[in-house]
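Have a look at the structure that comes next, please.
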Amino acid sequence: MQELNARRQLEADLSELTRMLMRLSKMAEEALARSVWALKNQDVETARNVLDKDDALDQLTGRIDVECMNFVARFQPLGEDLRTVTSIMHMAVDLERIGDYGGNIARAAIELAGKELMKPLIDIPRMTATLSEMLEKAMSSLERREPALAREVFPLDDLVDDLEKQIMRELLLLMMERPQRIEQATLLLNVARTLERAGDHITNVAERVLYSLTGKVIRATDFRRPKER
Amino acid sequence: MQELNARRQLEADLSELTRMLMRLSKMAEEALARSVWALKNQDVETARNVLDKDDALDQLTGRIDVECMNFVARFQPLGEDLRTVTSIMHMAVDLERIGDYGGNIARAAIELAGKELMKPLIDIPRMTATLSEMLEKAMSSLERREPALAREVFPLDDLVDDLEKQIMRELLLLMMERPQRIEQATLLLNVARTLERAGDHITNVAERVLYSLTGKVIRATDFRRPKER
Amino acid sequence: MKGNVQIRSQNVNLYYGPAKVLKDITFDIFDHTVTALIGPSGCGKSSWLRCLNRMNDYIAGARVEGEILIDEHDIYARDTDVIALRRNVGMVFQKPNPFPMSIYDNVAYGPRLHGVRSREQLDGIVERSLRGAALWTEVKDKLTSSGIGLSGGQQQRLCIARAIATEPKILLMDEPTSALDPMATARIEELVRDLKKNFTVVIVTHNMQQAARVSDFTAFFLLGELVEYEVTTKIFTAPDDKRTEDYITGRFG
Amino acid sequence: MKGNVQIRSQNVNLYYGPAKVLKDITFDIFDHTVTALIGPSGCGKSSWLRCLNRMNDYIAGARVEGEILIDEHDIYARDTDVIALRRNVGMVFQKPNPFPMSIYDNVAYGPRLHGVRSREQLDGIVERSLRGAALWTEVKDKLTSSGIGLSGGQQQRLCIARAIATEPKILLMDEPTSALDPMATARIEELVRDLKKNFTVVIVTHNMQQAARVSDFTAFFLLGELVEYEVTTKIFTAPDDKRTEDYITGRFG
Amino acid sequence: MNRRRAVNGFMTAILWASAAFLVLLLLAILIYVGVNGRQPLSWEFLTEPPRDSMTRGGISTPLVGTMQLVIVSMFFALPIGVVTGLYFAEYSRDGLFTKILRLAIRSLAGVPSVVFGLFGLSLFVVTLGFGSSLLSAGLTLGCLTLPLIVTASEQAFRAVPQDYRDASYALGATKWQTIVKVVLPAASSTVITGAILSIGRVAGETAPIIFTGAAFYAPDIAKSLFDEVMALPYHIMVLATAGVNIEATRPIQYATVLVLLALVLGVSSVGVVMRRRLRRSGR
Amino acid sequence: MKNEGLPSILVAAVSSLGIFIMLFILYFLVTEGIPVLREASLQKILLEKAWYPTETPPALGMSALIVGSFSVTLLSSLLAIPLSLLVAIFISDVAPSFLRDILKPVLELLSFLPSIVLGFLGMVVLAPWLQERFELLSGLNLLNASILLGIMSVPIIASLAEEALSSVPGELRDASYALGATRWETIRRVVIPWARPGILSACLLGVMRSLGETMVVLMAAGGAAIIPESVFDPVRPLTSTIAAEMGETPVGSTHYHALFFAGLILFFMTLAINMLSAWIESKGSVIRS
Ligand SMILES: Nc1ncnc2c1ncn2[C@@H]1O[C@H](COP(=O)(O)OP(=O)(O)OP(=O)(O)O)[C@@H](O)[C@H]1O
Ligand SMILES: Nc1ncnc2c1ncn2[C@@H]1O[C@H](COP(=O)(O)OP(=O)(O)OP(=O)(O)O)[C@@H](O)[C@H]1O
Ligand SMILES: [Mg+2]
Ligand SMILES: [Mg+2]
Ligand SMILES: O=P([O-])([O-])[O-]
């Protein structure tokens with residue numbers, strides 16, 4: 001007890017940082033989920049709501065960034081603490097980006113609202129569900145300090161990539177069938193592509209979690225199929 | 001002289017970091033420029049070359065990250081030094097992403113190579129040129145410690161956005177005219193979208209430069225047209 | 001965070017003989033906050049601190065101009081009772097300096113001076129003060145043994161207990177951890193953060209990380225001037241004044 | 001970076017009387033590198049360092065087991081000439097300790113002991129050593145004034161000059177900056193990085209940031225054992241051993 | 001509150017008063033001696049021997065005798081004292097010998113000077129057969145001052161930082177080389193200060209020499225170690241208590257006291273000033 | 001490494017001379033002093049008053065001498081110690097710094113004042129004044145000697161006590177002031193308690209010096225071997241007895257041995273005080289560290 005005393009404040013601050021990051025992650029996940037829901041259900045209200053919340057997300061990211069700098073200024077961290085705080089800085093950026101994607105998709109949802117959908121959206125929500133799962137895995141890995149959980153993220157990203165490919169092929173076909181669909185289709189294409197990107201960012205997050213926990217630089221590519229050129 | 005002595009090593013290390021970042025920036029810029037050139041001139045060789053260099057880019061990013069951590073471990077930076085080193089960490093991520101985009105575009109170039117282009121590429125290279133200019137402005141702002149230069153980046157990003165919009169409209173029209181073009185058009189659409197994103201990342205870099213130089217959090221949005229929803 | 005102003009320093013100048021050591025120091029310190037004073041050696045941090053409880057009175061040739069108001073009362077006014085002032089403004093020094101008496105007597109020293117005689121009352125004060133200084137559990141079974149026998153960190157906490165035994169409103173600390181090892185330092189820092197519940201704390205420190213860790217506000221002194229007074233976070237990541245920036249990045253000092 | 005092995009410590013055990021202070025220390029130090037020894041107080045860093053020039057010989061009850069090879073020669077072998085060894089292995093101490101003689105005589109002390117008498121030769125050695133310690137320009141006009149009159153940082157550089165005047169191959173430094181202010185510390189650190197061109201430097205330090213700044217390799221000692229020996233960057237950002245991680249993150253020590 | 005203030009003021013006044021009292025008292029003594037002793041003081045007084053049963057003439061013989069005693073005692077005490085100090089500082093281990101030696105030196109410091117006289121009488125004068133002589137008296141004074149020198153030089157050696165020794169060993173020096181080249185030079189000024197201070201003490205001592213070598217009257221300066229000598233302090237006593245015409249020689253007595261005072265305080269003040277300097281620079 | 005043994009043996013050998021001197025002092029005091037016990041029993045010597053060593057048979061009662069020593073020492077200490085301590089406190093805690101810088105060396109210097117000078121002044125200045133003022137037969141008496149001894153020991157006690165007082169860390173004083181104590185409260189409750197061992201040992205050393213002082217009492221105490229009934233009675237302490245009589249005593253006579261025995265008594269008395277003060281010092285340093 002006496003021994004750990006010197007680190008009490010440091011650890012309190014570090015968990016506070018982690019908590020902020022979790023909150024950010026929750027917000028990003030929600031933005032993604034709700035915007036896709038809005039897209040699917042053509043709900044402008046929800047889409048606007050996502051856009052309104054984007055500011056809060058940006059602000060939280062800014063705060064995390066400043067608090068990380070503060071943490072460095074206060075504790076001169078080394079080793080695991082240093083890895084963790086720098087990782088948090090990085091992860092915050094990735095998460096913010098994911099939140100932004102939520103905004104982008106919400107905009108798409110608003111554009112699409114009221115227009116008849118050319119097909120029922122099935123794969124896109126599936127992608128989103130997978131992304132949520134990835135994000136949760138990565139975050140609980142960080143929270144519970146269990147590297148194994150973060151590793152499970154990588155194969156899931158392959159799944160997301162597959163889904164995107166599939167959607168793309170499908171949409172291309174649909175477009176070619178009826179050029180009137182082109183506008184809507186490119187929009188959806190974009191959404192799919194965006195979700196694929198979100199997957200990439202979550203993969204980055206997972207890599208960071210692993211680095212902060214183990215000190216090893218782990219590249220997701222080691223855990224998944226080689227990317228075709 | 002005696003006075004500055006205590007900082008000599010710190011400053012040497014910091015300039016070394018900055019130099020590494022400049023190198024990364026150069027590599028990213030090149031990846032973008034060369035891949036777009038390859039796209040335009042249908043030069044598979046150059047495109048492959050870009051892809052080959054992607055690894056080096058990733059590695060350099062990793063090294064910058066580790067060296068930044070080292071810097072923190074060694075000098076317990078505060079104030080401007082702390083802002084600079086954390087900004088470098090962030091900028092490296094942005095630049096790496098831009099490099100990745102180069103790879104993406106190179107892949108598109110390879111796919112397109114040998115197929116007849118549906119229209120001569122004019123606006124896409126213009127976008128790339130603007131991006132190069134932006135990147136160079138941001139970097140020399142950092143190097144010469146002149147915030148004014150970095151501020152010039154923001155209006156340029158508006159230009160990039162405009163170009164992308166224009167390309168999109170144009171391509172949509174072309175597609176609708178002849179659905180056979182769809183595949184190629186979506187590819188080009190994607191390229192344009194990617195370049196627009198690169199613009200966003202460069203804007204981030206400029207924001208970071210400003211923050212590290214002035215200590216003020218500057219949002220690009222304050223310097224450009226409000227985004228339409 | 002800003003509450004009521006507890007200490008108001010208005011155009012304070014301090015002279016040691018002909019040398020002007022503090023120049024026009026003007027700023028307000030808020031109650032129930034921790035305020036850190038930083039700056040290079042000799043910039044006048046300790047001197048200003050010692051103005052607050054008039055410890056400078058004992059230095060030949062020291063002369064204060066301007067006003068220092070504590071709870072809106074000018075402590076350099078004619079009618080100020082210095083002894084009452086010092087009771088109200090506790091002080092903790094750089095080196096732990098317990099008196100060579102028992103732990104109990106150390107803490108009871110101040111109250112006894114000020115006329116507390118009853119044993120029960122003293123017992124209560126001693127326990128409360130030791131608890132307040134996070135030392136009670138460690139020493140409650142050896143209150144009669146000498147304060148000198150404690151470890152450095154414990155000694156410093158004993159000094160804090162002694163200072164808060166007279167129930168001051170303000171606690172001044174002049175580099176309270178510079179003679180301690182990192183572990184003891186961490187405990188004192190934790191205690192300082194805790195003390196602001198009941199006191200207004202002003203702490204001089206050379207360790208900028210420490211200032212960043214414990215304080216809400218930070219004042220940067222340079223050559224007898226107050227250069228910048230700001231929320232701590234801002235001072236250490238993005239100060240407004242170029243000189244502050246230069247100091248915290250080690251360009252001088 | 002790894003060059004030739006200059007110091008080879010093989011299963012070194014050190015006893016002070018019955019107490020075993022170093023346990024089975026085995027590792028190699030490469031020439032023209034700076035190696036930092038870190039670890040909590042009392043873990044045996046200084047003790048191991050002092051084995052290298054047999055300064056432990058003067059401590060009653062000190063006993064060394066195992067082998068220490070310098071340039072492949074066992075320095076605890078019967079036929080070792082301790083005086084020649086110490087000439088070959090310079091040492092710089094925690095507190096700057098120039099002799100109370102002139103700057104010149106301080107530097108010339110070692111060479112004179114070892115029989116250099118000619119004035120010219122001494123002049124050359126003194127100049128070369130002072131240059132090597134980055135002190136020449138500051139003192140060249142006052143070589144005859146006392147070494148005590150210098151500032152702390154200059155004194156420490158004078159001690160370095162004195163140590164390298166006997167042209168050692170190895171330079172041992174036991175917390176050489178712990179008594180210095182930050183500015184002087186920075187100069188010494190710069191010098192240390194510079195010294196590896198000509199010497200193999202082994203430096204004990206309590207300041208982990210310092211170890212990170214100056215050294216190529218870092219060895220972490222704990223309770224008389226060598227826990228981890230690695231490239232410095234790795235030790236401070238991602239050490240392999242849990243105990244190293246715990247130490248550098250302040251979980252104990 | 002007011003009572004506390006009153007007590008404080010009262011005590012402060014008392015403290016000032018006592019210091020003033022002491023200063024005035026001592027000043028009065030010095031001035032009194034100065035005024036009374038100034039008149040017969042002249043160059044001749046210092047350079048001529050006493051004449052006419054010491055009722056006339058000067059004090060050259062006792063003055064020189066005192067100096068001779070100082071020299072003899074220092075010749076004896078300085079080397080031994082310094083070496084003993086060296087032993088304590090450099091060689092001693094916490095053994096029995098060291099303990100006994102410490103005890104001996106400390107006790108020696110407390111032995112009354114008249115007892116040293118007894119010791120000198122029985123050892124040097126009687127047992128060793130030096131007789132009542134410069135040598136016996138000088139050696140007695142030497143023994144008296146030995147503890148002072150030992151303590152001073154031990155402190156001087158201890159004040160030499162251990163770092164110097166480590167540095168010297170680390171450069172390949174032996175212990176003796178280290179002592180000779182580093183420790184002794186570093187301690188020398190402090191040792192010398194200690195010696196000067198003990199000279200001040202020796203020059204004023206009377207009791208130990210009364211029966212070991214001081215002469216009531218000697219016609220001449222001692223030529224050999226085995227001659228008796230006159231000494232200033234003893235001379236004063238003789239003039240004041242056993243002279244031929246005590247009342248008439250009062251001016252001479254005062255002058256002699258003045259000379260002794262000047263000599264002792266002069267030498268001591270050099271020592272005191274040196275010591276303060278050393279202490280200040282040491283800190 | 002080689003030849004390290006020789007110097008150390010030499011140094012130890014020379015150092016042991018200190019022990020030898022001490023042993024010799026003891027040896028001679030004992031061998032020359034003990035023979036007196038053939039003439040008179042220890043009891044007689046210590047308890048009888050009559051001191052006529054040259055009569056036949058000699059009367060060797062030393063109680064008057066011993067009481068003389070004690071009374072002079074006691075009275076002088078009563079006079080000197082309070083003044084010394086006040087002065088010491090003044091210098092360490094009250095005096096402005098320029099005064100302190102003057103007073104400290106002056107005090108140190110005055111402890112070198114030769115006792116013969118004081119004895120002389122006692123004889124020629126103080127004695128006539130006392131005689132006149134109090135209409136005495138002689139001014140050479142217990143009071144006279146005590147005053148002089150007092151003057152002699154004030155600088156010694158004061159400068160040692162001052163050293164003890166000023167070694168009290170300034171931070172302790174600051175702490176007390178900062179708690180609202182006045183200066184006198186600080187001195188009484190913090191400074192003096194901290195310095196107590198040092199002050200005590202300073203006083204003891206002063207007493208020891210007074211006890212062993214010879215010339216002042218020889219010249220100013222009057223020299224009558226009686227037990228004093230008032231401060232105006234003359235006394236003949238042990239030291240002055242030895243100094244006054246040894247000169248005319250034949251070596252080896254009973255008187256000679258008796259004087260050595262007196263020396264022996266003196267020796268043990270001072271030794272006892274010395275050891276006491278050493279004990280106090282060592283205890284004090286244990287408390288502080
Ligand atoms: N008693 C004094 N008499 C004269 N000048 C003094 C006195 N005390 C301090 N000073 C001077 O006043 C200036 C301010 O001193 P002060 O002790 O307040 O500085 P500081 O900021 O506390 O420095 P440090 O960090 O070294 O404690 C310095 O230049 C110092 O030399
Ligand atoms: N002369 C000695 N005699 C006996 N034990 C000793 C001696 N010197 C050191 N030790 C013990 O040996 C152990 C190692 O001491 P050493 O000085 O090597 O530690 P260190 O790592 O250098 O510590 P520090 O960082 O405090 O200098 C400690 O437990 C210490 O108590
Ligand atoms: Mg200060
Ligand atoms: Mg050590
Ligand atoms: O813009 P990105 O999210 O693909 O980096």
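Quick caveat: nothing in here was measured; it's all calculated off a predicted structure. All values below come from the heavy atoms of this structure, side chains included, with hydrogens, waters and symmetry mates left out. Labels below follow one simple rule: chain letters A, B, ... track the order of the sequence lines, proteins then strands, and each chain is numbered from 1.
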Quiz item: Side chain, backbone, both or neither: which part of A/Arg178 has a heavy atom under 4.5 Å from chain B?
Solution: neither
Quiz item: Is the shortest side-chain N to carboxylate O distance from A/Glu164 to A/Arg197 below 4.0 Å?
Solution: no
Exercise. First locate atom OG of A/Ser25, then atom CZ of A/Arg23, and finally report the distance between them rounded to the nearest 0.5 Å.
Key: 12.0 Å
Practice problem: Could you check which of B/Ile182, B/Asn204, B/Leu78 has the highest count of heavy-atom pairs closer than 4.5 Å to chain A? | Solution: B/Ile182
Practice problem: Could you list which of residues 61-72 of chain B have a heavy atom closer than 4.5 Å to any heavy atom of chain A, in residue-number order? | Solution: B/Asp65, B/Met69, B/Val72
Quiz item: Do B/Thr203 and B/Asp157 have a side chain donor and acceptor closer than 3.5 Å?
Solution: yes
Self-check item: chain B contacts, top residue of A/Leu172, A/Asn190, A/Leu189, A/Leu171 (heavy-atom pairs, under 4.5 Å)
Solution: A/Asn190
Self-check item: chain A contact via B/Arg181 - side chain, backbone, both or neither, heavy atoms under 4.5 Å
Solution: neither
Quiz item: Does the distance from a Lys or Arg side-chain N to an Asp or Glu carboxylate O, for B/Lys119 and B/Glu170, drop under 4.0 Å?
Solution: yes
Practice problem: Below 4.5 Å from any heavy atom of chain B, which atoms of A/Thr86 appear? Answer side chain, backbone, both or neither. | Solution: both
Quiz prompt | Side chain / backbone / both / neither for A/Arg97 at chain B, heavy atoms under 4.5 Å | solution = side chain
Quiz item: Can a salt bridge be assigned to the pair B/Asp94 and B/Arg208 using a cut-off of 4.0 Å between side-chain N and carboxylate O?
Solution: no
Quiz prompt | Option passing side chain to side chain donor-acceptor pair (under 3.5 Å) with A/Arg34 (candidates A/Thr46, A/Asn49, A/Asp43) | solution = A/Asn49
